[in-house]
Amino acid sequence: SFSPTDDAIDVEVNINRLTMAFSENVQAGSGGTFRLRRNDGSNAVIKEFVVGTADVTFSGTDRVFLNNVPTLDYGASYWVQNNNNGNAIQDLGRNPLADWNDSDTWNFTTERQDQTISFSSIANKTYGDSNFDLNATASSGLSVSYSSTNTSVATISGNTVTILGA
């Protein structure tokens with residue numbers, strides 16, 4: 001089993017460690033890596049965990065830890081690739097752990113970040129006033145878009161408001 005579990009959602013972005021639990025005791029083999037990848041089509045490697053370093057530790061029983069996970073992005077999907085060629089993790093009889101190289105075996109999605117939108121104040125406006133700009137920022141860094149609920153009174157192009165009637 002895995003922690004976070006396969007297909008988990010709302011995983012903390014600063015998880016720091018991923019855990020694999022096996023049905024039998026395991027030990028380090030020779031060589032091999034695990035890769036934490038983005039599950040967004042790019043498959044970008046976020047971190048490579050090399051067996052034999054502090055990034056991959058064994059509990060002495062049935063658990064293996066992938067340590068020093070970097071802070072992950074909010075609302076992003078990831079998967080863990082076992083790229084060990086049968087050498088990284090072995091049972092106590094030195095039988096290799098089977099590889100997995102697909103994004104379906106162990107994947108998870110991080111928590112979404114709360115977002116606030118801050119607006120600059122607008123002075124009172126009336127029909128006949130010149131066009132004016134709206135200004136708002138989102139704490140997420142995403143762009144803010146605007147729309148008019150009554151386009152016979154006002155229209156918005158980009159962030160510029162045109163008053164058309166009263």
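Looking at heavy atoms from C-beta onward, Val64 lies in side-chain contact with Val56 at the 4.5 angstrom threshold. Side-chain contact check for Phe2 versus Val80: every heavy-atom pair is 4.5 Å or farther apart. Using a 4.5 Å heavy-atom cutoff, the side chains of Val69 and Phe49 are in contact. Within the 4.5 Å cutoff, the side chain of Pro4 has heavy atoms near those of the Leu18 side chain. The closest side-chain heavy-atom distance from Ile15 to Phe108 is not below 4.5 Å. Here the side chains of Lys47 and Arg35 are not in contact, with every heavy-atom distance at 4.5 Å or above. Val13 is listed as a side-chain neighbour of Glu111, based on a closest heavy-atom distance under 4.5 Å. Ile117 has its side chain within reach of Val144: a pair of non-hydrogen atoms, C-beta onward, lies under 4.5 Å apart.
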* Asked: Given Asn82 and Trp106, is the side chain to side chain donor-acceptor pair (under 3.5 Å) satisfied, shown in steps?
  -> CA-CA 10 Å; Asn82 171 359; Trp106 186 8; over 6 Å; no
* To do: In sequence, state the C-alpha distance, the side-chain angles, and the governing distance for Asp55 and Phe34, and then conclude on side-chain contact (heavy atoms from CB on, under 4.5 Å).
  => CA-CA 10 Å; Asp55 286 339; Phe34 294 88; over 6 Å; no
* Would you please test Asp6 and Thr105 for side chain to side chain donor-acceptor pair (under 3.5 Å) and show each step? => CA-CA 7 Å; Asp6 183 38; Thr105 301; over 6 Å; no
* Asked: side-chain contact (heavy atoms from CB on, under 4.5 Å) between Val26 and Gln90: does it pass, once the steps are laid out?
  -> CA-CA 6 Å; Val26 293; Gln90 301 173 343; over 6 Å; no
* Asked: Can Ser118 and Thr137 be said to form a side chain to side chain donor-acceptor pair (under 3.5 Å), step by step?
  -> CA-CA 5 Å; Ser118 302; Thr137 56; 4.7 Å; no
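Clustering ILVMFWY residues whenever any of their side-chain heavy atoms sit less than 4.5 angstrom apart, transitively, puts Leu66 in a cluster other than the one holding Val45. By the rule that hydrophobic residues join a cluster once side-chain heavy atoms approach within less than 4.5 Å of another member, Phe65 and Val11 end up as members of separate clusters. Taken together through direct or relayed side-chain contacts under 4.5 Å among Ile, Leu, Val, Met, Phe, Trp and Tyr, Leu142 and Phe119 form parts of separate hydrophobic clusters.
Minimum heavy-atom separation, Gly93 to Asp91: N-OD1, 2.9 Å. Taking all atoms of both residues into account, the shortest heavy-atom contact from Ser148 to Ala154 is OG-O, 2.7 Å. Heavy-atom minimum distance, Arg63 versus Ala21: NH1-CB, 2.6 Å. Heavy-atom minimum distance, Pro70 versus Ile46: CG-CG2, 3.8 Å. When all heavy atoms of Leu164 and Tyr127 are compared, the closest pair comes out as O-CE1, 3.1 Å.
In this structure, Thr53 OG1 and Glu48 CD are separated by 9.5 Å, a value rounded to the nearest 0.5 Å. Separation of atoms CD1 (Ile163) and NZ (Lys125) is listed at 7.0 Å; rounding is to 0.5 Å. Taken from OG1 in Thr71 to CG in Asn16, the straight-line distance is 8.5 Å, to the nearest 0.5 Å. The OH atom of Tyr146 sits 12.5 Å away from the OG atom of Ser157 when rounded to the nearest 0.5 Å. Taken to the nearest 0.5 Å, the CZ atom of Phe132 stands 8.0 Å off from the CD1 atom of Ile156. In this structure, CG in Asn95 is found 7.5 Å from CD in Glu24, a value given to the nearest 0.5 Å.
For Arg38 and Tyr78, the positive end sits near the middle of the six-membered ring, less than 6.0 Å away and at most 45° from its axis. Relative to the ring axis of Tyr74, Arg112 does not place its NZ or CZ within 45° and under 6.0 Å from the centre.
Side-chain contact of Thr57 with Asn67: a donor-acceptor pair under 3.5 Å is present, judged by distance alone.
Counting non-hydrogen atoms of other residues, nucleotides and ligands closer than 6.0 Å to CG of Leu134 gives a total above 12. Other residues, nucleotides and ligands contribute over 12 non-hydrogen atoms within 6.0 Å of the CG atom of Asn14.
Across Asp133, Asn131, Thr155, a single residue satisfies side chain to side chain donor-acceptor pair (under 3.5 Å) together with Thr160, and that is Asp133.
Of the possible donor and acceptor atoms, one in the side chain of Thr110 sits under 3.5 Å from a partner among the backbone N and O of Gly75.
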